[in-house]
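Have a look at the structure below before the remarks.
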Amino acid sequence: MCGIVGYIGKQQAYPIIIKGLHRLEYRGYDSAGVALLNGHLNIYKKKGKVSELEHFIAQKDNTGSVGIGHTRWATHGEPNDVNAHPHASYNQKIALIHNGIIENYAAIKTELLKKGYQFQSETDTEVLVHFIEEIRQNEQCSLEKALRLALTKIVGAYAIIVISEEEPRQLLAARKGSPLVIGIGTEAGEYFIASDATPIIEHTKNVVYLNDNEIAILGESGLHIKNLQNVETTPYIQTLDMALESIEKGGYDYFMLKEIYEQPNSIADAMRGRLIAKDNYVRLGGIHHYLPHLTNAKRIVIVACGTSWHAGLVAEYLIEELARIPVEVEYASEFRYRNPIIEKGDVVIAISQSGETADTLAAIELAKSRGAIIYGICNVVGSSIARATDEGAYIHAGPEIGVASTKAFTAQVTVLTMLALMLAQHRQTLTKEQFSFLLHELENIPQKVNKSLRLNDSVLEIAKIFKDARNFLYLGRGYNFPVALEGALKLKEISYIHAEGYPAAEMKHGPIALIDEEMPVVVIATRDSSYDKIISNIKEVKARRGKVIAVVTEGDVLIPEMVDYVIEIPQTHEALIPLLAVVPLQLLAYHVAILRGCDVDQPRNLAKSVTVE
Ligand code: F6R
């Protein structure tokens, strides 16, 4: 969590830093702060969003060509001005920003307290900055050496950037478990550094991804990367494949809405070059060396969190039905702590949009340590999870900035569908006709998503009716059960209305007690193998006067007769319905949240990538 950004060069740092913080705000928005070097350190911090910091700094000295900035998602200490980063050493010589958690901060703090250090904040980060300064004083050494020595004693995860008044022409950065990207400017000695590439893209396309346990020294003497043993390595410079427009709102009021509308393209991008239906061709290039492993797997374990976990559930239905391989879907946070049975050669698939989710990363490390082969399904290129896996496939959804995941879900499901089809082809578990039909249907999904997006106005009308509801129930069966979970998650996270997703048939084992005339029940009731069964579930809700909003297949005449509101989506193969059915549910959550005055791109208490456990 938290976004960090830094600049060193000849330009004024502040405008670059503040714009970078706006771009990183999706990572956390409890407080923000900057430190600027111009002969001396100026540090400004403010509770709230980056715009509040900007307002606060407007009349202050914001000059300097070296600077760092931070936008916070609080872990240690409540969101307030004091706990905001940057944190400074007691003598105000060093300023530091941090994304991650220092796990052994309490022990270090105790030692520092004994030596007379005083702490302003409740953060683990302040402990680190005092610790570095303490080492620097004791050893009478450079900031670089003090940082290196400090990091050898630190337990936990961090991406940090440090600047010092006494060594003003350099910026030091280090990472372990939290991402950092360095942009190489056009002028000698000019560098940008950030938690992800979005603050960098408009300045340079040449970047270096810092690895775990590396320290970067940036400044007049160039870019140097060293490990914690002080051994220098040659930076590997890559070219960013990201367009500036992809990280701007492009005329939409919110990133979330833009990303919902991008889905016909992002799904097509996920399939580009990988699926040609007329040639019966489906192939994920990134899954190559270990393909025989996957094809012959006795079982597959999927690990993920949140929306990515819902995509994993869809994959369970797909892979089991189409390729006949048993699949288990695990919350990464549970898997990592429960001593799971994973043996050498087992196959684990990790799904993550950001590629930085701490629990998913830890689940991967655990499975790896037991000899499993790990596949990654990620969006962010070069992310920690993408790099920690043996093989994998990117979903190519483009940057997802709205905190609620939308286009990443559909792109994940698209890639997982291709994976299931690829496995089915190798294992010969489908007839040629079934296989070919599914490929053609999948190829046509982007057009059908486009059609689903035309439902926007009618979904808005339904949102107006239910915007003040206190609870929602979402029901689905089979492939539509994960869609029900995802619809409920979207609504609760951005509108703060309590919502539950349930397998429709499970309703009678408990949740049916909640149903009365006040309860909106969204039922995904498309024409599929559970059609007759879901009709019975709808009747059960109606018998208790629940208000039913049904997502049906276009042309359905039966269900509209028995429900209160109908949303019609195009016809497709049952296995592909999640890609269409989720779209009106994303729109419903969006409109309800907007009508309730919520900030859908930055919902309270949330952040886009959860890099803490
Ligand atoms: C919900 C949402 C989260 C993420 C979850 C995993 O809209 O965005 O539930 O899906 O935090 O994140 P990734 O996919 O980045 O691992």
Side-chain angles (χ1 to χ4, degrees), residues 1 3 26-28 73 99 177-179 195-196 254-257 259-260 263 266 302-315 329-336 348-364 374-389 392-395 397-413 415-416 474 482-483 485-496 499 501 582-583 585-590 593 598-613:
M1 250 56 143
Y26 71 89
R27 299 177 69 90
W73 185 82
N99 168 30
S178 299
S195 303
D196 70 31
Y254 288 91
F255 279 110
M256 182 182 177
L257 191 61
E259 287 157 7
I260 291 173
Q263 290 178 108
S266 50
I302 295 179
V303 291
C305 303
T307 288
S308 297
W309 186 82
H310 297 157
L313 269 191
V314 179
V329 190
E330 299 261 6
Y331 286 113
S333 54
E334 289 295 314
F335 177 86
R336 63 180 289 198
V348 171
I349 301 178
I351 308 172
S352 174
Q353 185 287 128
S354 62
E356 301 295 345
T357 301
D359 284 323
T360 310
L361 201 50
I364 291 172
I374 321 283
Y375 292 84
I377 307 287
C378 292
N379 191 29
V380 177
V381 176
S383 55
S384 302
I385 292 176
R387 289 189 291 163
T389 48
Y394 284 115
I395 61 170
E400 190 181 64
I401 294 170
V403 165
S405 188
T406 52
K407 64 174 179 171
F409 174 77
T410 46
Q412 286 165 341
V413 172
V415 169
L416 290 160
Y474 285 71
V483 179
L485 292 178
E486 178 59 8
L489 176 62
K490 287 294 87 95
L491 187 75
K492 65 186 139 193
E493 69 181 327
I494 61 171
S495 74
Y496 319 139
V582 77
V583 175
L585 304 191
Q586 295 167 342
L587 288 169
L588 181 65
Y590 172 81
C598 303
D599 180 345
V600 298
D601 279 345
Q602 295 177 351
R604 70 183 180 208
N605 305 340
L606 287 172
K608 184 74 182 159
S609 62
V610 186
T611 56
V612 295
E613 7 175 324

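Start at 1 and go down the list; that is how both ligands and their atoms are numbered. The first residue in the sequence is number 1, and the count goes up from there.
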Using a strict 4.0 Å cut-off to heavy atoms of [X], name the atoms of ligand 1 that fall inside it.
X: S308; result: 10 (O), 13 (P), 14 (O)
X: S405; result: 7 (O), 8 (O)
X: V403; result: 8 (O)
X: A404; result: 7 (O)
X: Q353; result: 13 (P), 14 (O), 15 (O), 16 (O)

Taking distance alone, with N or O pairs closer than 3.5 Å, would you say E493 contacts ligand 1?
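Among all N and O atoms of E493, at least one is under 3.5 Å from an N or O of ligand 1.
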Please determine if T360 has a nitrogen or oxygen closer than 3.5 Å to a nitrogen or oxygen of ligand 1.
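No, T360 has no N/O under 3.5 Å of an N/O on ligand 1.
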Please assess D196 against V380 for the test side chain to side chain contact (heavy atoms under 4.5 Å, CB included), listing each intermediate value before the final yes or no.
CA-CA 9 Å; D196 70 31; V380 177; 5.8 Å; no
Spatial distance of atom SG (C378) from atom OH (Y394) [nearest 0.5 Å]:
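Separation between the atoms: 6.5 Å.
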Quick check for you: to the nearest 0.5 Å, what is the distance between L485 atom CG and L313 atom CG?
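With rounding to 0.5 Å, CG (L485) is 6.5 Å from CG (L313).
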Modelled atom types, side-chain donor and acceptor of [X] and [Y], under 3.5 Å:
X: Q353; Y: S405; value: no
X: S384; Y: E356; value: yes
X: Q412; Y: S308; value: yes

Could you tell me whether the side chain of Y496 and the main chain of R604 form a donor-acceptor pair under 3.5 Å?
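Answer holds: yes.
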Option passing side chain to side chain contact (heavy atoms under 4.5 Å, CB included) with Q586 (candidates I494, I260, L491, L257):
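That would be I260.
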For Y254, which residues count as a side-chain contact (heavy atoms from CB on, under 4.5 Å) partner, sequence neighbours excluded?
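Listed in chain order: Y590, I594, D599, V600, D601.
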Strictly under 4.0 Å, does any heavy atom of T406 approach an atom of ligand 1?
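It does not; every heavy atom stays at 4.0 Å or beyond.
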Looking only at protein heavy atoms, which one is nearest to [atom], and what is the separation?
atom: atom 5 (C) of ligand 1; answer: C305 O, 3.7 Å
atom: atom 11 (O) of ligand 1; answer: V610 CG2, 4.0 Å
atom: atom 16 (O) of ligand 1; answer: T357 OG1, 2.4 Å
atom: atom 2 (C) of ligand 1; answer: T307 OG1, 3.8 Å

What part of K490, side chain, backbone, both or neither, has a heavy atom within less than 4.0 angstrom of ligand 1?
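The part of K490 near ligand 1 is the side chain, not the backbone.
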